[in-house]
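What follows is a single structure, written as structure tokens, with notes after it.
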Amino acid sequence: MISIDGFWTTKAGDYDPQTTLKTTVSDNRFFYRINHDASARQKVITEILVDSKQVSLVHDWLSSDGKETLFFDVPSELRKPGIHTLVFRIFAPVSSDADAKQGEKLYESQTFTLEYTA
């Protein structure tokens, strides 16, 4: 079982997942948490898409506590006033190598909404 309930801004420890977030174009860093039921360390690759454009590709290990809090940055060219879509996809790697390519898709989030204001 893998899920991402939403995303938030401010600090990683201020866990407050939102499916829709309204913020100013100056906010570029966002946090998210992968909730999972992995009982042993497992490597995953998380692809983050804003308006169907890849903004991040994170290689990380799932720990045994059932949650991984991570972040991504939205590049300036995508931080324009208006409504934007955000999707998380989690893949198994094809090997345990640090630069492993994406293998089987394990999870795709619902489409979240990021609204930028001037």
Side-chain angles (χ1 to χ4, degrees):
M1 187 280 307
I2 295 177
S3 69
I4 295 176
D5 298 327
F7 65 111
W8 66 97
T9 189
T10 62
K11 298 185 297 189
D14 294 341
Y15 180 68
D16 184 20
Q18 304 292 313
T19 57
T20 300
L21 186 63
K22 186 176 185 176
T23 190
T24 64
V25 294
S26 62
D27 278 341
N28 67 308
R29 179 153 291 175
F30 298 91
F31 299 91
Y32 63 100
R33 179 181 290 170
I34 300 172
N35 300 302
H36 59 87
D37 60 1
S39 57
R41 281 179 47 96
Q42 173 185 348
K43 184 173 182 178
V44 294
I45 300 172
T46 304
E47 178 184 41
I48 302 166
L49 305 165
V50 173
D51 293 340
S52 301
K53 295 176 182 74
Q54 185 185 84
V55 298
S56 183
L57 190 64
V58 180
H59 292 243
D60 199 22
W61 291 88
L62 300 180
S63 63
S64 60
D65 70 356
K67 57 188 174 195
E68 311 306 321
T69 302
L70 304 161
F71 71 90
F72 65 96
D73 293 315
V74 176
S76 59
E77 63 268 15
L78 294 176
R79 292 194 320 262
K80 306 291 182 209
I83 295 176
H84 304 273
T85 60
L86 174 63
V87 174
F88 297 88
R89 294 180 181 154
I90 299 176
F91 297 87
V94 295
S95 73
S96 62
D97 296 339
D99 61 349
K101 304 292 182 234
Q102 296 170 349
E104 173 191 2
K105 182 168 54 171
L106 303 174
Y107 171 80
E108 184 166 333
S109 73
Q110 69 182 73
T111 300
F112 300 116
T113 303
L114 172 59
E115 184 178 350
Y116 273 121
T117 60

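- With hydrophobic clusters built from ILVMFWY side chains whose heavy atoms lie under 4.5 angstrom apart, Leu62 shares a cluster with Tyr107.
- Going from atom CG of Asp5 over to atom CG of Asp16 covers 11.0 Å, rounded to the nearest 0.5 Å.
- Here the rule is side chain to side chain contact (heavy atoms under 4.5 Å, CB included) with Tyr116, and of Thr24, Ile83, Val74 only Val74 fits it.
- Counting heavy-atom neighbours within 6.0 Å of Lys105 NZ, excluding the residue itself, gives a total above 12.
- Looking at heavy atoms from C-beta onward, Thr85 lies out of side-chain contact with Leu49 at the 4.5 angstrom threshold.
- A distance of 6.0 Å separates CG of Asp65 from NE2 of His36, quoted to the nearest 0.5 Å.
- Contact detail for Lys22 and Thr117: the closest heavy-atom pair is CE-CG2, 3.5 Å.
- Distance check: Leu78 CG to Asp73 CG gives 12.0 Å after rounding to the nearest 0.5 Å.
- In terms of heavy-atom proximity, Lys43 sits nearest to Trp61 at N-CE3, 3.4 Å.
- Thr46 is not listed as a side-chain neighbour of Ser56, based on a closest heavy-atom distance of 4.5 Å or more.
- Summarising the geometry, atom CD1 belonging to Ile90 is positioned 10.5 Å from atom CD belonging to Glu108; distances are rounded to the nearest 0.5 Å.
- Cluster annotation: Ile45 and Leu106 are assigned to distinct hydrophobic clusters (Ile/Leu/Val/Met/Phe/Trp/Tyr, side-chain heavy-atom contacts under 4.5 Å, transitive).
- The shortest heavy-atom contact between Ser95 and Ala100 is O-CB, 3.2 Å.
- Of all the heavy atoms in Thr9 and Arg29, the pair that sits closest is OG1-O, 3.3 Å.
- Inter-residue side-chain proximity for Val44 and Phe91 is flagged as unmet; no heavy-atom pair is nearer than 4.5 Å.
- When side chains are defined from C-beta on, Asp51 does not count as touching Lys80, because their heavy atoms never get closer than 4.5 Å.
- Rounding to the nearest 0.5 angstrom, the gap separating the CG atom in Leu86 from the CZ atom in Phe30 is 8.5 Å.
- In this structure, a donor-acceptor pair under 3.5 Å is present between the side chains of Glu68 and Ser63.
- Just one residue in the list Phe88, Trp8, Tyr15 forms a ring pair (Phe, Tyr, Trp, His ring centres under 6.0 Å) with Tyr32, and that residue is Phe88.
- Closest of all the heavy-atom pairs between Ser64 and Ser39 is CB-O, 4.1 Å.
- Under the 4.5 Å side-chain heavy-atom criterion for ILVMFWY residues, no single connected hydrophobic cluster contains both Phe72 and Phe31.
- Cluster annotation: Phe71 and Ile4 are assigned to distinct hydrophobic clusters (Ile/Leu/Val/Met/Phe/Trp/Tyr, side-chain heavy-atom contacts under 4.5 Å, transitive).
- No donor-acceptor pair closer than 3.5 Å links the side chain of Thr19 to the backbone N or O of Thr113.
- The nearest pair of heavy atoms linking Pro75 to Val55 is CD-CG1, 3.7 Å.
- By the 4.5 Å heavy-atom criterion applied to side chains, Asn28 and Ser76 are not counted as neighbours.
- Tracing side-chain contacts under 4.5 Å through hydrophobic residues (I, L, V, M, F, W, Y), one reaches Ile2 starting from Val58; they form part of the same cluster.
- How far CZ of Arg33 is from OG of Ser3: 10.5 Å, rounded to the nearest 0.5 Å.
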